[in-house]
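For reference, the structure is listed below as structure tokens.
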Amino acid sequence: MYAMRMFGLSRDQLKYIAFFCMVCDHAACLFLSSDMLAYQILRFWIGRIAYPLFAVLFAEGFFYTRNRLVHIRDLLLFGLLSEPFFDYVTGSRHLWVDFEQQNVLWSFAFCSLLLCLLDRIFQAWTENVLESRMEQGLLSVGLIVVFAWCAWKLRLDYQAIGVLCVVVVYFLLRTEPTLPLYYPGFLVAVTVSVASMTPGALFVPLLLLFYRKKNGRPTMRWKKYGFYLAYPGHLALLAFLSLLFF
């Protein structure tokens with residue numbers, strides 16, 4: 001515990017780690033052949049850390065988001081900006097428009113809408129609009145199933161598994177707000193590792209052991225939009241380098 005206090009990681013530092021891992025994943029996708037050892041390491045060991053770590057931080061951050069509709073709007077706008085570069089970098093045919101897979105910002109916008117609806121169901125139960133826990137549970141499960149199916153059909157990044165990961169963290173933190181994030185992080189990491197048959201995600205709970213809990217202060221606007229811009233920015237840079245040198 002002393003070591004965790006001494007070498008603790010802030011929320012932003014964990015985001016930087018996740019972002020670095022994501023860049024490694026995308027760079028390997030674009031520049032390396034799938035039969036290379038470096039490709040396997042960058043994508044399936046380092047790269048698979050990114051989504052589970054982002055998913056845990058995203059679900060935690062939902063409880064601190066002041067204007068959730070603006071948050072969804074921003075995710076959609078930056079997702080739209082990122083999509084051509086994402087398609088070029090991650091697609092096997094290097095097309096600027098490819099509907100085989102949509103970028104992760106669309107996934108998080110989708111998850112954010114789901115969490116808003118689940119929050120409304122929880123609020124309806126606390127206000128006695130819903131008569132029983134069973135009614136609340138059935139509505140919640142039905143909503144999750146519909147959103148997971150839609151994520152799969154729309155080919156959002158990580159598809160149904162991505163939705164379930166965010167929902168698991170949301171429910172655990174909704175019922176126990178002081179729960180250390182490495183507990184839901186472990187569940188998310190195992191889920192992603194099993195679903196994708198890659199071991200890298202299992203490092204996520206180890207990183208979350210060093211997490212210093214968010215203190216509730218809102219993220220500064222310049223920093224928030226800096227994170228948003230970094231996503232299309234790194235994809236555009238990778239695409240430019242590919243066109244320039246290959």
Side-chain angles (χ1 to χ4, degrees), residues 11 51-80 99 101-196 201 204-205 208 211 213-214 216 218-219 224 228:
R11 180 179 175 83
Y51 183 82
L53 190 51
F54 274 133
V56 172
L57 296 173
F58 175 84
E60 186 213 22
F62 175 80
F63 295 101
Y64 301 104
T65 302
R66 290 176 295 179
N67 193 326
R68 292 168 179 173
L69 290 179
V70 169
H71 183 53
I72 294 172
R73 180 205 67 188
D74 291 341
L75 287 168
L76 290 173
L77 288 175
F78 281 95
L80 182 63
F99 296 105
Q101 186 180 8
Q102 323 315 325
N103 72 74
V104 77
L105 296 185
W106 297 104
S107 303
F108 283 134
F110 202 67
C111 288
S112 189
L113 177 59
L114 173 58
L115 296 190
C116 286
L117 295 174
L118 292 174
D119 238 30
R120 293 293 296 170
I121 292 174
F122 182 84
Q123 184 180 352
W125 179 79
T126 58
E127 295 173 353
N128 297 318
V129 176
L130 299 177
E131 295 181 357
S132 67
R133 277 285 191 182
M134 180 174 290
E135 191 176 357
Q136 179 194 6
L138 289 174
L139 280 173
S140 298
V141 169
L143 202 59
I144 293 165
V145 169
V146 169
F147 269 72
W149 182 82
C150 289
W152 171 64
K153 292 298 288 184
L154 293 170
R155 296 183 177 273
L156 302 182
D157 206 7
Y158 282 85
Q159 300 186 14
I161 293 299
V163 172
L164 294 176
C165 286
V166 172
V167 167
V168 164
V169 182
Y170 166 81
F171 275 116
L172 287 173
L173 295 181
R174 164 62 72 187
T175 55
E176 184 54 62
T178 61
L179 185 72
L181 280 192
Y182 51 80
Y183 289 117
F186 175 77
L187 294 177
V188 169
V190 169
T191 301
V192 171
S193 289
V194 171
S196 61
V204 169
L208 291 170
Y211 176 46
K213 186 76 172 178
K214 182 177 174 69
T219 303
K224 180 180 75 171
Y228 284 144

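Source: prediction; values computed, not measured.
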Item checked: Closest non-hydrogen atom pair, Gly185 against Val204 -> O-CG1, 4.4 Å
Next item on the list: Provide the closest heavy-atom pair for Thr191 versus Ile161 in the form atom of the first, atom of the second, distance.
Entry: CG2-CG2, 4.0 Å
Notebook entry, point to check: Taking side chain as C-beta onward, heavy atoms only, is Leu114 less than 4.5 Å from Val166?
Noted result: no
Next item on the list: Without swapping roles, check the side chain of Arg11 against the backbone of Leu57 for a donor-acceptor pair under 3.5 Å.
Entry: yes
Checklist line | Heavy-atom side-chain contact between Ile72 and Cys116 under 4.5 Å | finding: yes
Check: Just wondering, do Phe122 and Phe171 contact through their side chains at under 4.5 Å, heavy atoms?
Finding: no
Check: Of all heavy-atom pairs between Tyr51 and Gly162, which one has the smallest distance, and what is that distance?
Finding: OH-O, 2.9 Å
Note to self: Looking at Phe63, I'd like to know if its CZ atom is crowded, meaning that more than 12 non-hydrogen atoms belonging to other residues, nucleotides or ligands lie closer than 6.0 Å.
What the structure shows: yes
Note to self: So Tyr211 and Glu60, do their side chains get closer than 4.5 Å, heavy atoms only?
What the structure shows: yes
Notebook entry, point to check: To the nearest 0.5 Å, how far apart are CZ in Phe186 and OG in Ser193?
Noted result: 9.5 Å
Check: Checking side-chain contact (heavy atoms from CB on, under 4.5 Å) for the pair Leu187/Val169: CA distance, chi angles, key distance, verdict?
Finding: CA-CA 9 Å; Leu187 294 177; Val169 182; over 6 Å; no
Margin query: With a 3.5 Å distance limit and no angle check, can you tell me whether Ser107 reaches the backbone of Asp157 through a side-chain donor-acceptor pair?
Written below: yes
Check: Any idea how His71 and Tyr228 line up, ring-wise: parallel (<30°), tilted (30 to 60°), or perpendicular (>60°)?
Finding: tilted
Item checked: Close side-chain approach of Leu117 and Phe147, heavy atoms under 4.5 Å -> yes
Check: If you look at every heavy atom in Phe110 and Cys150, which pair is closest and at what distance?
Finding: CZ-CB, 3.4 Å
Margin query: Distance check, rounded to the nearest 0.5 Å: Leu105 atom CG versus Phe108 atom CZ?
Written below: 8.0 Å
Next item on the list: Let me see the working for Leu173 and Leu181 under side-chain contact (heavy atoms from CB on, under 4.5 Å), right down to the final yes or no.
Entry: CA-CA 9 Å; Leu173 295 181; Leu181 280 192; 3.9 Å; yes
Notebook entry, point to check: Which pair of non-hydrogen atoms, one from Val192 and one from Tyr158, has the smallest distance, and what is that distance?
Noted result: CG1-CE2, 4.0 Å
Check: Can you check whether Leu115 reaches Arg68 side chain to side chain, under 4.5 Å on heavy atoms?
Finding: no
Next item on the list: Looking only at non-hydrogen atoms, find the nearest pair between Ala151 and Val163 and report the distance.
Entry: CB-CG2, 3.7 Å
Next item on the list: Supply the atom-to-atom distance Leu138 CG to Leu143 CG, rounded to the nearest 0.5 angstrom.
Entry: 12.5 Å
Check: Of Leu77, Leu69, Leu76, which meets side chain to side chain contact (heavy atoms under 4.5 Å, CB included) against Arg73?
Finding: Leu77
Check: Can you tell if the side chain of Phe58 reaches within under 4.5 Å of the side chain of Leu75, non-hydrogen atoms only?
Finding: yes
Next item on the list: Assess whether atom OH of Tyr183 is packed by more than 12 heavy atoms of other residues, nucleotides or ligands within 6.0 Å.
Entry: no
